[in-house]
Amino acid sequence: MRLAHPQLSEPVKFRENTIPVLVLEDPKLFRDWVFALSEQAGGEAGPFVLSVNYEIIDCADHLNVIRDFHDYPLDGRRLNNKFQSLLQTIMREELAHETDKLQNSIAEYLGRVRVGIGYPSENNEGEYAIQLLKALKFRPSLDDDTDIEKLIGYLDLNAGLLKAQCFILVCAKSYFSSAELQELYKMVIYKKWNVLLVEPYIREHLPNESTIILDSNLCELCTGVNDRLHSRQ
């Protein structure tokens, strides 16, 4: 996967065992790029181009911009549609026998309710078991563990249910310690998630990070995982 922008000499590349970090030292540039990423993730037009195997993909379907590391959006249409699809697959295939028993039990129970009422009555028919889970608001959630585990859980949920996801973490180094970020990086590398950190200035360089810096003069500098700094003209 690649994320391109006209002001970058080449796209940000998501490689195995490497965490890309984009540092935008000019405040206006940082603000403009973060806003543009958020807008394109929401379906608006913008300067960024996301691609997989050199084929352009829709940012609205594949780009996730995370700026709030406390509350994570779990009510998105795409995420919930995939969750409900997975839920129905489990009910109809892995738990088919149990689902049939529950379906029959609910139908029998509703029949007894109608008899008890003593007046003509009817109810919606269909897959009662699935309707029951919808009525109970069976939906995805995150474990309330540590803050970094909550972030990892959110990435795992989205990457597991949705295809080819790109996650932009804005100012993550201001929220998490180096030890927490290294815990995150281990999971990113293990799960092969596409994660990019966007920061307003340089902080401690961590193992496996590959940093692209646009300084206040809009000169582009890069540091690889070997910590060598070089300029891109």
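One is the number of the first residue; the rest follow in order along the sequence. Below, each value reflects all heavy atoms present in this structure, side chains not excepted, and no hydrogens, waters or symmetry copies.
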Contact check, side chains of [X] and [Y], non-hydrogen atoms, under 4.5 Å:
| X | Y | value |
| --- | --- | --- |
| Lys134 | Gln131 | no |
| Met187 | Glu183 | no |
| Pro207 | Gln182 | yes |
| Val198 | Val23 | no |
| Leu79 | Leu161 | yes |
| Ile19 | Val188 | yes |

Problem set entry | Residue pairs fulfilling side-chain hydrogen bond (donor to acceptor under 3.5 Å, both in side chains) with at least one residue in residues 112-122, sequence neighbours excluded | Glu108-Arg112, Arg114-Asn123
Any side-chain to backbone donor/acceptor pair from [X] onto [Y]? Under 3.5 Å, distance only.
| X | Y | value |
| --- | --- | --- |
| Asn80 | Leu74 | yes |
| Asn64 | Phe167 | no |
| Ser85 | Asn81 | no |
| Glu209 | Leu206 | yes |
| Asn53 | Glu55 | no |
| Gln165 | Lys163 | yes |
| Glu220 | Ser9 | yes |
| Glu199 | Ala172 | yes |

Exercise. Can you find a side-chain donor-acceptor pair between Arg203 and Ser174 that sits under 3.5 Å?
Worked result: yes
In a table with atom names and distances, give each donor-acceptor pair under 3.5 Å that connects a side chain of residues 39-50 to protein atoms at least two apart or in another chain.
{"residue": "Gln40", "atom": "OE1", "partner": "Phe48", "partner atom": "N", "Å": "2.8"}
{"residue": "Gln40", "atom": "NE2", "partner": "Phe48", "partner atom": "O", "Å": "2.9"}

Test side chain to side chain donor-acceptor pair (under 3.5 Å) applied to [X] - qualifying residues, sequence neighbours left out:
| X | value |
| --- | --- |
| Tyr54 | Arg2 |
| Glu180 | Ser177 |
| Glu94 | none |
| Glu204 | Ser178 |

So, using side chain to side chain contact (heavy atoms under 4.5 Å, CB included) as the criterion, who are the partners of [X] when residues are at least two apart?
| X | answer |
| --- | --- |
| Tyr109 | Val113 |
| Arg92 | Gln88, Glu127, Ile130 |
| Asp61 | Asp58, Arg78 |

Exercise. Can you name the nearest heavy-atom pair linking Met1 to Ala164, along with the distance?
Worked result: CE-O, 3.4 Å
Seminar exercise, completed: Glu16 meets the salt bridge (Lys or Arg N to Asp or Glu O under 4.0 Å) criterion, sequence neighbours left out, with Lys192
Problem set entry | Crowding at CG, Asp68 (>12 non-hydrogen neighbours, <6.0 Å) | yes
Problem set entry | Over 12 foreign heavy atoms within 6.0 Å of CG, Leu132 | yes
For this session: Consider only side-chain heavy atoms of I, L, V, M, F, W and Y, link residues closer than 4.5 Å, and tell whether Tyr201 and Val34 are in one cluster.
Result: no
Seminar exercise, completed: Applying ring pair (Phe, Tyr, Trp, His ring centres under 6.0 Å) to Tyr175 and not counting sequence neighbours gives Phe69
Can I get a per-line list of side-chain donor-acceptor pairs under 3.5 Å for residues 149-160, giving both atom names and the distance, sequence neighbours left out?
{"residue": "Glu149", "atom": "OE1", "partner": "Thr146", "partner atom": "N", "Å": "3.2"}
{"residue": "Glu149", "atom": "OE1", "partner": "Thr146", "partner atom": "OG1", "Å": "3.2"}
{"residue": "Lys150", "atom": "NZ", "partner": "His70", "partner atom": "O", "Å": "3.3"}
{"residue": "Asn158", "atom": "ND2", "partner": "Tyr154", "partner atom": "O", "Å": "3.0"}

